[in-house]
Amino acid sequence: MGDKLKNYLENLFKQLSKRLEYINDEVLILNVPNNRLQGDYSTNIAMRLSKKLKTNPRQIAAEISSNLLELADKSIIAEVKIEGPGFINFFFAPGFIAGVVQKVADNGNNFGRSNKYNGKKAMVEFVSANPTGPLTIGHGRNAVVGDTFANMLEAIGYDVTREYYFNNAGRQMRVLGNSVKFRYLELLGQTIEFPEDHYQGEYIKDIAQQVLNDHGDKLVEESPEGIFKDYAERIIFDDIKKTLGNIGIEMKSFFNENDLYTEKRIDKVLEEFKAKDLSYQSEGATWLKLSKMGNEQDKVIIKSTGEPTYRLPDIAYHITKYERGYDLIVDLFGSDHNATYPDVLAALKALGYDIEKIKVMIHQFVTVVANGQIVKMSTRKANFITLDELIDEAGRDAVRYFFVMRDLKTHLNFDIELAKKQTDENPVFYLQYAYARICSILRMTTEKELKASFENLDLLKEVEEQDILKKMFHFADEVEFAALNFEPNKISNYLEELAALFHRFYAAHRIIGSEKNLAEARIALIVAVQQAIKNGLNILSVSAPEKM
RNA sequence: GCCCCGGUAGCUCAGUAGGAUAGAGCGUCAGUUUCCUAAACUGUAGGUCAGAGGUUCGAAUCCUCUCCGGGGCACCA
């Protein structure tokens, strides 16, 4: 759907370039000025051209604007002004702006969405926590952001697969099995000195209890890597899936690292490295020639024990993503991974894969603040707060919103008290309140037999009304921008601004009690706002309550 | 020592390929409800955009250096 206003101007400039040749070589940058007196859109093209043409920018601006006015449709563009050092400011006709209301009504739940990337397949890999314990708040940011990425890509037409990659073998899982067995023996009355580097959490005791319930004391001689590990894995994974479900995340697929071995994919990659002379043996290990691929140093891919390091399966795993035909491959990691992915990318590139398709997104850590104190957490030490506990306390909407409302690149302070608060300090409620307020107004207007009408949209002339209309025109652009740049916080910011404009309108003007035509145009306006907020919240998977 | 992120109002943060007087919420203080939800709105106060150089008509934004905070630099994942 795009932004009609912007498209219109871009087309106008295209026509203009036939008249004024110098326009051709200059990129047109249109932005929305902060100050409404500076127009609906503004361009600095004259200033940029003045360097090249060695002419006064205001003079160039004058030539551009007079030609533009001749080409422009007066019912769309009301005014073009030259201001400041040479900005060209465009003012749209209020009646034209109001047309967005009709557009929203026509598109309904699809308003803001587009089919620009229809037919393209994307994968978002996220969470990918190994089943060694419940999801923590730290995983929460990854989970919510990843799912929101997927929602945003769907909103611009992508067919998206959400995938969870996990490893249920190796040292961690052995330690997990051991941990359960120790707790099991404790339950049977043995005195155990529980190792410090084992999983300390209460959940391990629960799993041990479960084993005891099902098998009694028959497993004293059983290997920790058998039944104990299997129980732990199954119970923990069920718990993880339940937690994800609690915040509305449904993974389409769970990819087990182990399949890479059984399907001989690891061997195949190794052979390929060898054939392309990208690996070598040294000190009993197999090394990857990363220094030849532009990275700092060579790294081990097979330890002298014969076990691969994480890099090798990671590379093989990504090859499956290519083979599965994705046009866009998104990996979302915490900042602790920031040094590892370049190795994987370099290797894939060396094997001939187009790494432009891969977008590695790194989010910074979550700092949990409780009672004004920073809480340090570790799964192993079990002093963490689980994601489930957080959802129980703060609710799904607040959790989803809080994890997404900040730029990924910055540390997120998660203030547990704030998220729990059902007050105006909590931005989720600000948005939801705007929505609920509209629903309430509409219940009243229905009683008074007033209904939305598109006949007299040109009556929407007040500043507060025009501001809302203009804001709505940008919705689709904001969604597309947010999706392509992986910035979900752009959507929450946009919605907060839209909600603020609505609240301002509400305080300044009345619907019930206004002249009928105006009242019905205003109803159409707020119905459109209602739809936009709902669609935006929907992308964030936050609910839009009709009553609060 | 090296690499990646960040440093903007008292607090939490926006600031979209460099643009016009740096914004919002919360918190301060002062107001607004016989009237569609006051979970709202209006006004007030609050800034050396970490610091120093540079690039240019113009820098919070780009470059260099310094300081502070976080993460990483394994034959762990």
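Per chain, numbering begins at 1; letters A, B, ... match sequence-line order.
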Counting the atoms with a prime plus P, OP1 and OP2 as sugar-phosphate, which does [X] contact under 4.0 Å by heavy atoms, base, sugar-phosphate, or nothing?
X	answer
A:L442	nothing
A:N485	nothing
A:H503	sugar-phosphate
A:D314	nothing
A:M548	base
A:L450	nothing
A:H363	nothing
A:F87	base
A:N493	sugar-phosphate
A:A436	base
A:R510	base
A:T340	base
A:K490	sugar-phosphate
A:E546	base

Item to check | Side-chain heavy-atom pair A:E257, A:F166 within 4.5 angstrom cut-off | outcome: no
Checklist entry - With a 4.5 Å heavy-atom cut-off, do A:M548 and A:S440 have their side chains touching? => result no
Between [atom2] of [N] and [atom1] of [X], the distance in whole Å:
X	N	atom1	atom2	result
A:R141	B:rG70	CZ	C1'	12 Å
A:Q297	B:rC3	CD	C1'	11 Å
A:L408	B:rC4	CG	C1'	15 Å
A:M405	B:rU12	CE	C1'	7 Å
A:L290	B:rA74	CG	P	13 Å
A:R48	B:rU56	CZ	P	16 Å
A:D407	B:rA24	CG	P	20 Å
A:L260	B:rA77	CG	C1'	14 Å

Next on the checklist: Syn if the chi torsion is within 90° of 0, anti otherwise; quick check, which is B:rU33?
Outcome noted: syn
Next on the checklist: Closest-nucleotide mapping onto RNA chain B: is A:N167 or A:E497 further toward the 5' terminus? I mean the 5' end.
Outcome noted: A:E497
Item to check | RNA chain B: 5'-proximal contact among A:M47 and A:E496 (nearest heavy atom) | outcome: A:M47
Considering every strand shown, what is the Watson-Crick or G-U wobble mate of [N] when both distances are under 3.5 Å?
N	answer
B:rA59	none
B:rC41	B:rG31
B:rC36	none
B:rG46	none
B:rG23	B:rC13
B:rG18	none
B:rG6	B:rC68

Using the [atom1] atom as the point on both nucleotides, what is the distance between [M] and [N], in whole Å?
N	M	atom1	value
B:rC67	B:rA20	P	32 Å
B:rU55	B:rC3	P	25 Å
B:rG47	B:rA24	C1'	15 Å
B:rA60	B:rC13	C1'	14 Å
B:rC2	B:rU16	C1'	33 Å
B:rA50	B:rC5	C1'	16 Å
B:rG69	B:rA30	C1'	38 Å
B:rU12	B:rG54	P	33 Å

Can a side chain N or O of [X] be found less than 4.0 Å away from OP1 or OP2 on [N]?
X	N	answer
A:Y506	B:rA38	yes
A:K303	B:rC76	yes
A:R311	B:rA74	no
A:N413	B:rC13	yes
A:R443	B:rC36	no

Under the 3.5 Å rule, do the base of [N] and the side chain of [X] count as making a donor-acceptor pair?
X	N	answer
A:S42	B:rA20	yes
A:D336	B:rG72	no
A:S304	B:rC75	yes
A:N89	B:rA20	yes
A:E283	B:rC75	yes

Checklist outcome for this item: Side-chain atoms of A:H411 come closest, of B:rG69, B:rC41, B:rA77, to B:rG69
Item to check | From B:rA38, B:rA39, B:rG70, nucleotide with atom closest to A:Q364 side chain | outcome: B:rG70
Checklist entry - Are the charged groups of A:E125 and A:K321 less than 4.0 angstrom apart, N to O? => result yes
Checklist entry - Is any side-chain N of the basic residue among A:K14 and A:E10 closer than 4.0 Å to the acidic one's carboxylate O? => result no
Checklist entry - Would you say the side-chain atoms of A:H318 and A:D331 include a donor-acceptor pair closer than 3.5 Å? => result yes
Next on the checklist: Would you say the ring centers of A:H474 and A:Y41 fall short of 6.0 Å from each other?
Outcome noted: yes
Item to check | Trace of the ring-ring contact (aromatic ring centres under 6.0 Å, His included) decision for A:Y494 with A:F481 | outcome: CA-CA 12 Å; A:Y494 173 88; A:F481 185 90; over 10 Å; no
Next on the checklist: Tell me whether the ring of A:Y430 lies stacked over the B:rA39 base, given a 5.5 Å limit on centroids and a 30° limit on the plane angle.
Outcome noted: no
Checklist entry - Mind checking whether A:F255 and A:Y165 have parallel, tilted or perpendicular rings, split at 30° and 60°? => result tilted
Item to check | side chain to side chain contact (heavy atoms under 4.5 Å, CB included) between A:H503 and A:Y430, intermediate numbers included | outcome: CA-CA 10 Å; A:H503 284 309; A:Y430 186 77; 3.5 Å; yes
Item to check | Donor-acceptor under 3.5 Å (A:Y199 side chain, A:N178 main chain) | outcome: no
